[in-house]
Amino acid sequence: MTYQLSTKKTINSLNDILSDQQNDTKMKKTININLGGYPFTIDDDAYEHLKEYLDALRQHFQTYESADEIISDIESGTAEILNTRLENRTIISRSDIQAAIARMGTPEDFGAETRFEEDMNYGKSNTSNNKYKTGKRLYINPEDKVIGGVCSGLTAYFGIADPVWLRIGFAILGFGSVGVFIPIYIILMIILPEPKTAAQKLEMRGEPIDVNSIARVVEEGIEGISNTITQITDEFTKKKK
Amino acid sequence: MNNDINKTLEKTKKQLRRGVLELCVLSIISEKAAYPSDIIVKLEEAKMIVVEGTLYPLLTRLKNDDLLAYNWQESNSGPPRKYYHLTEKGIDFLSQLKNAWDELLVGVSISTNHLKNPENDLSIIN
């Protein structure tokens, strides 16, 4: 019994080893990239890993002065590490990327080490905390509109509780001024941009842009979608009846 | 509990290192114009740096403060590299920073002098 068990285990671990080897040698797509001026041929999965890493760095350094320069320096540094690692091999694998990342460090590593840098950099850009405040910007608000979303956009900009007051105001002015305010509304509708990204939606409301607030907007978006889906299904079932 | 203390110790050590990293980087560059990998090798020898990524933001900031400047130089094995050197302002800054560090050394050794005294030696207590 024990013997059987142990052989089973051996077979399992053998399978593990085999599948590991297969992972290393099985046919993979490769991509040609230019990293920091070095040409590389890189496995598909290694490329994804590298891209995720560089995106995370970009996110981490985005509030820094000359963030682009820091990122491009890090890219050159990473390229150099990879180049020395490759020696006579021709293709970068995922494990090469992992080794390079271990040397270069992740944003978590920097979190402890570069806080000092952050403090120095924040002092310059006049922001007092980790959030970078956006100036409020005027957008039309397509999520809450009667005609063009101008009133609700203005409401978000000025921080008024309910767009209905502005709408009443515009309506009265529209009729009262005998047609002067109607073109104004139309012009606003044309020139004000629609917020496309989560960050722009936050700008519309004048909220600070950080990971949490963006996550919230995205969640709201998903809720909106699921609400629409429920509405559609409701209508659909009604029609059926 | 012991774990917590180790964590705190690591954090404090990092902070100590970080505070003087700038001095070390400037001083390495003052010896000879250097590109990031040179600097990293020296910092690693001195056990001053844990991950390379820490160096790049520092170099960029020192450059933005006009303490450093760089030239592009061709390399045999790849694309051109940024070689950093100290500016006039940087040389002045480094000598003042070095003075401040020396003062700090004296201050620290005065403050911690009694630890060398066998009766108060912490390593014996531990």
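Every chain is numbered from 1, with letters handed out A, B, ... down the list of sequences. Values below: all heavy atoms of this structure, side chains included; hydrogens, waters and symmetry mates excluded. From a predicted model like this one, the values you see are computed outputs, not experimental measurements.
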Chain A contacts: which residues in residues 86-96 of chain B have a non-hydrogen atom closer than 4.5 Å to it?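 None at all.
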
[X] versus chain B, the contacting section by heavy-atom distance below 4.5 Å:
| X | result |
| --- | --- |
| A/I81 | side chain |
| A/A102 | backbone |
| A/D73 | both |
| A/S76 | neither |

Interatomic spacing from [atom1] in [X] to [atom2] in [Y] - rounded to 0.5 Å:
| X | Y | atom1 | atom2 | value |
| --- | --- | --- | --- | --- |
| A/R103 | B/I40 | CZ | CD1 | 7.0 Å |
| B/T60 | A/F61 | OG1 | CZ | 9.0 Å |
| A/E69 | B/K82 | CD | NZ | 4.0 Å |

Taking every non-hydrogen atom, the tightest pair across [X] and [Y]:
| X | Y | value |
| --- | --- | --- |
| B/G53 | A/I74 | O-CD1, 4.4 Å |
| B/N64 | A/S66 | ND2-OG, 2.8 Å |
| A/G77 | B/Y56 | CA-OH, 3.4 Å |
| B/P79 | A/G36 | CG-O, 3.2 Å |

A/D44 atom CG: more than 12 heavy-atom contacts under 6.0 Å: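 Check passes, neighbour count above 12.
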
Selection residues 66-95 of chain A - residue pairs positive for ring pair (Phe, Tyr, Trp, His ring centres under 6.0 Å), sequence neighbours left out: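 Passing the test, one end in residues 66-95 of chain A: no pairs.
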
Engaged part of B/E44 at the chain A interface, taking heavy atoms whose separation is under 4.5 Å: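 Contact with chain A involves the side chain of B/E44 alone.
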
